[in-house]
Amino acid sequence: QVQLVESGGGLVQAGGSLSLSCAASGIIFSIATMGWYRQTLGKQRELVASITNTGGRNYADSVKGRFTISRDNAKNTVYLTINSLKPEDTAVYYCNAYWYSDRAYNYWGSGTQVTVSS
């Protein structure tokens with residue numbers, strides 16, 4: 001069975017930093033593109049950052065320079081380091097895994113809440 005388990009969310013003051021982790025199991029992690037998405041109540045889920053199986057990174061314009069995505073294939077884990085947090089970063093952050101073999105595969109974690117106070 002596939003599992004993506006996020007951790008590291010919490011309540012942080014604006015300007016602070018936070019690190020999120022997503023531990024994957026039940027997948028061949030090394031071939032998957034991993035991503036972090038976030039969603040606020042009433043809004044669509046949006047891509048924050050992604051990292052391909054070859055290490056290519058992509059960031060939303062709103063987080064460039066503040067967020068860093070990385071992966072450790074030996075630990076089957078993807079990370080999101082967040083600096084200079086803003087109240088607008090408040091959201092539920094979700095981990096995603098995607099790959100294509102015989103067909104497309106797409107899996108989601110249950111999310112972790114990040115709340116930034118001013």
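Scope of the values below: all heavy atoms of this structure, side chains included, with no hydrogens, waters or symmetry mates. All values reported here derive from a predicted model rather than from experimental measurement. In this chain, numbering begins with 1 at the start of the sequence shown.
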The criterion is side-chain contact (heavy atoms from CB on, under 4.5 Å); which residues satisfy it with [X], sequence neighbours excluded?
{"X": "Lys64", "answer": "Tyr59, Asp61"}
{"X": "Thr52", "answer": "Thr33, Thr54"}
{"X": "Tyr100", "answer": "Tyr98, Ala104"}

Query raised in the report: Which atom pair, heavy atoms only, marks the closest approach of Thr90 to Val116?
Result: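 Minimum heavy-atom separation between Thr90 and Val116: OG1-N, 2.9 Å.
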Query raised in the report: Any idea which heavy atoms bring Val63 and Val48 closest together, and the distance?
Result: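 That closest heavy-atom pairing would be CG2-O, 3.6 Å.
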Requested in this report: Give the intermediate values and the outcome of ring pair (Phe, Tyr, Trp, His ring centres under 6.0 Å) for residues Tyr105 and Trp99.
Outcome: CA-CA 5 Å; Tyr105 293 83; Trp99 70 96; 5.1 Å; yes
Flag side-chain contact, heavy atom, 4.5 Å: [X] against [Y]:
{"X": "Ser70", "Y": "Arg57", "value": "yes"}
{"X": "Lys43", "Y": "Leu41", "value": "no"}
{"X": "Ile69", "Y": "Trp36", "value": "yes"}
{"X": "Gln113", "Y": "Leu11", "value": "no"}

Side-chain donor/acceptor pairs under 3.5 Å, residues 75-86, sequence neighbours excluded:
from, atom 1, to, atom 2, distance (Å)
Thr77, OG1, Lys75, O, 2.8
Asn83, OD1, Ser17, OG, 3.0

Query raised in the report: Does Thr112 reach the main-chain N or O of Gly9 with its side chain, forming a donor-acceptor pair under 3.5 Å?
Result: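 Yes: the side chain of Thr112 pairs with the backbone of Gly9.
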Residues forming a side chain to side chain donor-acceptor pair (under 3.5 Å) with [X], sequence neighbours excluded:
{"X": "Asn73", "result": "Arg71"}
{"X": "Gln3", "result": "none"}
{"X": "Arg66", "result": "Asp89"}
{"X": "Ser118", "result": "none"}

Requested in this report: Check salt bridge (charged side-chain N to carboxylate O under 4.0 Å, His left out) between Glu46 and all other residues, then give those that pass, not counting sequence neighbours.
Outcome: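 With sequence neighbours excluded, Glu46 shows a salt bridge (charged side-chain N to carboxylate O under 4.0 Å, His left out) to Arg38, given in chain and number order.
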Query raised in the report: In the hydrophobic clustering that connects Ile, Leu, Val, Met, Phe, Trp and Tyr at side-chain heavy-atom distances below 4.5 Å, which members other than Val92 occupy its cluster, ordered by chain and number?
Result: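 Answer for Val92: Tyr37, Leu47, Tyr94, Trp108.
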Query raised in the report: Which residue pairs pass the disulfide bond (SG atoms under 2.5 Å apart) test when at least one of the two sits in residues 62-118, sequence neighbours left out?
Result: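 As it turns out, the disulfide bond (SG atoms under 2.5 Å apart) pairs with a partner in residues 62-118, which skip direct neighbours, are Cys22-Cys95.
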Requested in this report: Mind jotting down which residue pairs meet the salt bridge (charged side-chain N to carboxylate O under 4.0 Å, His left out) criterion with at least one end in residues 5-27? Sequence neighbours excluded, please.
Outcome: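 The answer is none; no pair qualifies.
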Query raised in the report: How long is the gap from CD1 on Ile28 to OG on Ser101, to the nearest 0.5 Å?
Result: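 The CD1 atom of Ile28 sits 8.0 Å away from the OG atom of Ser101.
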